[in-house]
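Because the structure is a prediction, the values reported are computed rather than measured.
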Amino acid sequence: MSGHRWAARAAAGAAAVALTVTGGAVAQADDDIASLGAEQIADRSRDALLGASSLHLSARGSLDGSGDPMSVDLTLDREGNCAGGVDMGEDGSVEIVKRAGDVWLKPDKAFWETHVPVGGSTFDAILDGRYMKAEADDPRLLTVTEVCDLDTFRELITDNTDAADRVTLTKGRETEVNGEPVIPVTRAQGDERLTVYVATEGEPYPVRIAARGSGEEGTVNFSGFDRPVPARTPSADETVDVTALLGRSVKPV
């Protein structure tokens with residue numbers, strides 16, 4: 001499911017910008033972050049993101065130079081709980097709820113027609129506006145459930161610590177993102193440009209990542225740090241079991 005893979009890549013890009021550091025002294029808690037060097041700001045941003053127990057992620061961008069925008073809107077935590085959705089424009093959208101060991105998905109008609117051209121309209125008719133429910137470790141849905149877990153993003157960040165190229169970071173001038181004061185740090189390499197906007201008040205969270213290059217362009221916004229994921233899950237009347245709907249021979253979505 002390309003929309004979910006794009007969400008994961010967007011988060012990985014955020015991690016890469018926050019983690020491409022060249023070393024130096026670790027910033028202390030009482031530092032004025034805007035006065036620090038670019039590497040130290042990136043270091044502080046990484047640590048703040050790794051320390052968050054939950055967050056809201058909103059991403060928008062295009063893949064492979066197609067120009068077709070897609071968006072991801074998820075609230076997720078380190079316990080694997082998640083709520084939100086993915087909108088792939090003309091290719092359809094999916095609502096997602098994940099709680100403990102269960103996941104609920106509600107694809108729209110356009111999604112079924114695009115991604116399941118044989119039988120998709122039948123699945124859509126059976127669901128009739130309801131969610132399909134599965135166990136969170138169902139292999140047919142791993143591209144969804146892995147993205148719906150904050151620990152997935154934390155692992156991407158940790159993995160990128162050693163893998164990131166040690167390129168130079170550039171600090172920009174202080175500005176604002178959604179009314180919040182931030183300091184931008186940019187990594188430019190070839191035709192790729194990644195900029196992380198780090199909050200200068202309170203915890204130095206990365207509040208926005210802008211990525212451009214290699215035929216892809218996108219923006220990832222982070223907010224709602226340490227706020228709980230909505231606890232409501234679809235009722236039995238709103239749900240159809242995924243095995244009964246898809247059967248065991250259907251390939252992963």
Side-chain angles (χ1 to χ4, degrees), residues 6-61 71-78 147 150-190 192-213 216-227:
W6 180 82
R9 292 222 297 275
V17 176
L19 290 170
T20 307
V21 297
T22 59
V26 176
Q28 301 300 312
D30 58 354
D31 285 328
D32 174 6
I33 191 166
S35 70
L36 300 177
E39 291 80 9
Q40 290 179 301
I41 295 172
D43 191 38
R44 289 280 297 274
S45 176
R46 174 204 62 197
D47 291 345
L49 189 60
L50 282 172
S53 62
S54 61
L55 57 81
H56 177 248
L57 179 154
S58 176
R60 183 175 178 83
S71 62
V72 179
D73 192 279
L74 297 172
T75 301
L76 58 165
D77 66 22
R78 291 168 63 175
V147 170
L150 184 56
D151 273 343
T152 297
F153 298 131
R154 297 180 77 252
E155 289 171 7
L156 285 169
I157 293 171
T158 302
D159 290 346
N160 273 309
T161 302
D162 296 326
D165 295 329
R166 300 307 184 185
V167 298
T168 301
L169 301 179
T170 303
K171 181 176 75 171
R173 295 182 178 181
E174 290 186 69
T175 183
E176 291 188 351
V177 170
N178 296 327
E180 182 174 357
V182 296
I183 188 78
V185 174
T186 298
R187 183 190 74 179
Q189 189 172 28
E192 296 184 353
R193 186 179 182 87
L194 296 170
T195 301
V196 58
Y197 296 85
V198 181
T200 59
E201 294 182 357
E203 289 292 322
Y205 290 119
V207 298
R208 175 174 291 173
I209 305 294
R212 183 176 61 191
E216 300 182 1
E217 184 173 352
T219 301
V220 184
N221 290 303
F222 295 104
S223 62
F225 295 97
D226 297 327
R227 297 177 186 172

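- For Glu180, the side-chain contact (heavy atoms from CB on, under 4.5 Å) partners two or more places apart in sequence, or in a different chain, are Ala199, Val207.
- Distance check, rounded to the nearest 0.5 Å: CD of Glu203 to CG of Leu49 gives 11.5 Å.
- Closest heavy-atom contact between Pro204 and Ala48: O-CB, 3.7 Å.
- The two residues Ile209 and Phe222 make their nearest non-hydrogen contact at CG1-CE1, 3.8 Å.
- Taken to the nearest 0.5 Å, the CG atom of Leu50 stands 9.5 Å off from the CG atom of Leu150.
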Just list the side-chain donor-acceptor pairs under 3.5 Å for residues 51-58, sequence neighbours left out, or say none.
| residue | atom | partner | partner atom | Å |
| --- | --- | --- | --- | --- |
| Ser53 | OG | Asp226 | OD1 | 2.9 |
| Ser54 | OG | Asp226 | N | 3.4 |
| Ser54 | OG | Arg227 | N | 3.1 |
| Ser54 | OG | Arg227 | O | 2.5 |
| His56 | ND1 | Ser223 | OG | 3.3 |
| His56 | NE2 | Asp73 | OD1 | 3.0 |
| His56 | NE2 | Asp73 | OD2 | 3.3 |

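- Contact detail for Arg208 and Asn221: the closest heavy-atom pair is NE-OD1, 2.7 Å.
- Note that CD of Gln40 is 8.5 Å distant from OG of Ser35, once rounded to the nearest 0.5 Å.
- Closest approach of Val220 to Ala59, counting heavy atoms only: CG2-CB, 4.0 Å.
- Distance check, rounded to the nearest 0.5 Å: CG of Asp47 to OH of Tyr205 gives 11.5 Å.
- For Arg193, the CZ atom sits in a loose shell: 12 or fewer heavy atoms of surrounding residues, nucleotides or ligands are nearer than 6.0 Å.
- Among all heavy-atom pairs drawn from Phe225 and Pro206, the shortest one is CZ-O, 3.7 Å.
- Residues passing the side-chain contact (heavy atoms from CB on, under 4.5 Å) test with Glu174 are Ala34, Ile183, Thr200, sequence neighbours excluded.
- In this structure, Ile33 and Arg44 have side chains that are in contact, with non-hydrogen atoms separated by less than 4.5 Å.
- A distance of 10.0 Å separates CD in Glu201 from CG in Asp32, rounded to the nearest 0.5 Å.
- In this structure, CZ on Arg187 lies 12.0 Å from OG1 on Thr170, to the nearest 0.5 angstrom.
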